[in-house]
Amino acid sequence: MDKDHIQVWQSCLQTIKENVKEQSFKTWFEPIRPLRLDEKILTIQVPNKFFYEWLEEHYIGILGSTLSKELGQGAKLEYLIPRQQKHTNYLKSNKSNNPIVSKDLERNYGQNTIRTENIKNPFVIPGIQKIKIDSQLNPEYTFDMYVEGDCNRLARSAGWAIAKRPGQTAFNPLMIFGSVGLGKTHLAHAIGNEVLDKFDDKTVLYVSSDRFTNQFIEALRNNAISDFVNFYQLVDVLIIDDIQFLENKQKTQEIFFHIFNHLHQKGKQLILTSDRPPKEMEGIEERLISRFKWGLSADLQLPSLETRMAIIDQKMIQDGVDLPPNVTEFISHNVRTNVRELEGILVSLIAQAALNQREIDIDLAREVISKFVDNISSEVNIELIQKIVAEYYDIPVEKLKEKTRKKMIVRARQLSMYLAKLMSDKSLKLIGKAFGGRDHSTVIHACRSVEDLLEKNTNFKDEVYRIEKKIKNVGGQH
Ligand code: ADP
Ligand code: MG
């Protein structure tokens with residue numbers, strides 16, 4: 001036991017860094033200061049109570065396991081919160097009833113900091129009957145937490161059907177594909193969790209294809225291939241995430257082929273995810289690809305504006321944070337890449353508010369988003385947008401405000417409204433007014449039409465991108 005508190009915390013941080021997202025690490029772990037080490041109690045200072053609650057709620061698992069790795073059994077984490085906390089109003093009161101944090105008591109013992117039973121066994125070799133396999137599922141990734149939208153309806157409902165009758169539907173295998181951050185992993189876990197919930201006797205196993213590959217290599221090295229295969233054959237629902245990583249790994253594909261066939265013949269369920277559809281996979285054996293197509297391939301698309309708003313709402317309810325509706329709308333409009341990025345922004349937003357004791361409002365949201373997304377500008381007015389769009393399409397500006405229903409003009413008008421919403425953060429009402437006194441529902445409709453078109457038409461997307469850039473350039477010169 002010669003490490004001091006700083007060294008112990010440094011070692012913990014190293015492991016934590018590898019296991020949490022970069023943004024979260026910066027936000028939640030970098031501000032922590034190690035203060036002292038008494039036997040097995042490490043005391044850390046966190047900026048405020050909100051921080052402490054957030055850590056306990058979201059990172060208790062990793063804090064616990066890294067600390068016990070460092071200090072052995074019985075390790076404890078003690079938080080120290082500096083005094084003079086103003087109360088921030090976006091914290092729902094149910095949180096401040098937390099019994100471990102009392103008003104003037106500054107030391108808080110993490111309730112569940114140490115949970116040794118949480119240690120996961122990645123690979124259990126059978127031998128003894130009735131072995132219990134740790135499913136490796138994340139209990140947070142449930143259907144309840146998975147917001148439904150057009151972007152995921154097919155995959156979600158197929159997943160739901162499978163969870164009710166694993167192995168007994170036509171969706172075997174279920175192949176969920178889509179690009180990064182759109183919810184493949186979440187959905188795959190949700191199916192697994194639902195099965196565990198409904199069926200006591202079913203064995204579910206989640207594994208990434210990387211892990212699968214590593215276990216296979218390990219088994220090869222230890223001459224334990226048959227144990228490896230036997231183990232996988234015990235499973236009722238096998239979830240393999242990111243199978244694109246099996247590309248060009250011929251031996252692993254062979255063993256997977258074998259396991260796949262065995263499970264499929266026995267009516268066991270297979271769930272696979274990938275970042276592209278089967279037909280676009282390269283370096284994967286044809287016979288495997290043809291099996292991937294046996295069941296259902298369902299893709300996940302970018303969520304629409306409404307779905308993004310619903311996702312934000314749900315996450316904020318879950319975290320007990322009240323986000324003003326205009327902030328939700330602002331974020332949904334400006335963050336259009338994927339759900340993971342959306343989450344990253346929410347986390348930073350809450351952290352920034354907590355750290356700086358600020359209200360969550362549009363200004364703060366704008367600051368946070370501008371660090372992630374570069375298409376947000378500060379002072380762009382509607383007139384400028386109208387002018388540039390009209391120039392681009394070579395039509396007179398007045399046409400945007402008139403009632404003309406010519407297709408070209410409608411398109412330009414809708415796009416200007418959309419950009420006004422996106423770039424100016426004027427209210428829907430004001431935007432409508434600037435377009436010949438139209439009402440806010442017309443603006444909403446315009447935004448939706450543009451969003452739809454953006455999703456379908458890449459030429460249009462490029463066009464919009466160029467126009468946005470122009471507006472920003474000109475806007476910046478004023
Ligand atoms: P992928 O595996 O496709 O890269 P993930 O499943 O890891 O994406 O999803 C990224 C993050 O977004 C996760 O935290 C997940 O909970 C969240 N997420 C994705 N889709 C949804 C959804 N429809 N509803 C709620 N959260 C979602
Ligand atoms: Mg994933």
Side-chain angles (χ1 to χ4, degrees), residues 19-25 27-28 54 57-59 61-62 135-160 163 174-194 205-213 238-247 271-278 280-281 297-319 321 323 328 331-332 335-351 372-373 455:
N19 288 287
V20 307
K21 292 172 200 154
E22 197 190 332
Q23 185 63 31
S24 311
F25 183 81
T27 308
W28 301 109
W54 189 277
E57 210 169 301
H58 296 86
Y59 298 107
I62 183 128
S135 69
Q136 308 286 316
L137 289 170
N138 178 344
E140 312 253 313
Y141 284 165
T142 59
F143 274 104
D144 279 351
M145 292 296 149
Y146 198 71
V147 174
E148 185 172 356
D150 289 340
C151 55
N152 60 31
R153 191 154 287 124
L154 174 67
R156 192 181 193 280
S157 53
W160 185 249
L174 172 67
M175 163 74 89
I176 306 166
F177 67 93
S179 64
V180 63
L182 292 183
K184 301 182 292 295
T185 299
H186 185 143
L187 181 57
H189 279 261
I191 303 169
N193 279 318
E194 192 65 28
L205 181 69
Y206 167 89
V207 67
S208 67
S209 69
D210 267 349
R211 192 164 202 182
F212 181 85
T213 305
L238 178 61
I239 305 169
I240 304 206
D241 206 358
D242 291 319
I243 50 156
Q244 73 272 11
F245 294 129
L246 293 184
E247 280 177 355
I271 298 164
L272 311 168
T273 81
S274 162
D275 68 351
R276 66 202 82 152
E280 283 172 25
M281 286 177 194
S297 297
D299 67 332
L300 297 178
Q301 304 245 330
L302 276 174
S304 66
L305 179 71
E306 283 85 356
T307 310
R308 294 201 292 275
M309 302 217 307
I311 290 174
I312 296 180
D313 281 346
Q314 187 232 47
K315 303 226 175 271
M316 292 300 92
I317 290 172
Q318 198 185 336
D319 289 331
V321 174
L323 207 60
T328 304
I331 298 173
S332 318
V335 184
R336 288 171 283 172
T337 44
N338 63 53
V339 186
R340 188 169 298 145
E341 183 158 289
L342 207 57
E343 284 184 341
I345 283 177
L346 294 173
V347 168
S348 307
L349 187 64
I350 294 166
F372 285 76
V373 185
E455 262 160 41

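Both counts, for ligands and for their atoms, begin at 1 and track the order of listing. Computed from heavy atoms alone, side chains included, the values below leave out hydrogens, waters and symmetry copies.
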> Please walk me through it: do V339 and V147 pass side-chain contact (heavy atoms from CB on, under 4.5 Å)?
Replying inline: CA-CA 11 Å; V339 186; V147 174; over 6 Å; no
>> Applying side-chain contact (heavy atoms from CB on, under 4.5 Å) to N152 and Y146, what does each step give before you reach the verdict?
In response: CA-CA 10 Å; N152 60 31; Y146 198 71; 3.7 Å; yes
>> Please evaluate residues I243 and M175 with respect to the criterion side-chain contact (heavy atoms from CB on, under 4.5 Å), reporting the C-alpha separation (whole Å), side-chain torsions for both, the decisive distance (0.1 Å), and the verdict.
In response: CA-CA 10 Å; I243 50 156; M175 163 74 89; 3.7 Å; yes
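The only member of L272, I239, I191, L187 that meets side chain to side chain contact (heavy atoms under 4.5 Å, CB included) when paired with L174 is I191.
Each of Y141, M145, Y146, V147, N152, S179, V180, G181, L182, G183, K184, T185, H186, I311, K315, V339, R340, E343 has a non-hydrogen atom positioned under 4.0 Å from some atom of ligand 1.
Side-chain contact between V335 and R308: absent, with no pair of heavy atoms (C-beta onward) separated by less than 4.5 Å. Contact check for L246 versus M281: no side-chain heavy atoms found under the 4.5 Å cut-off.
At a threshold of 2.8 Å, the Mg ion (ligand 2) has a backbone or side-chain N, O or S atom of T185 nearer than that distance.
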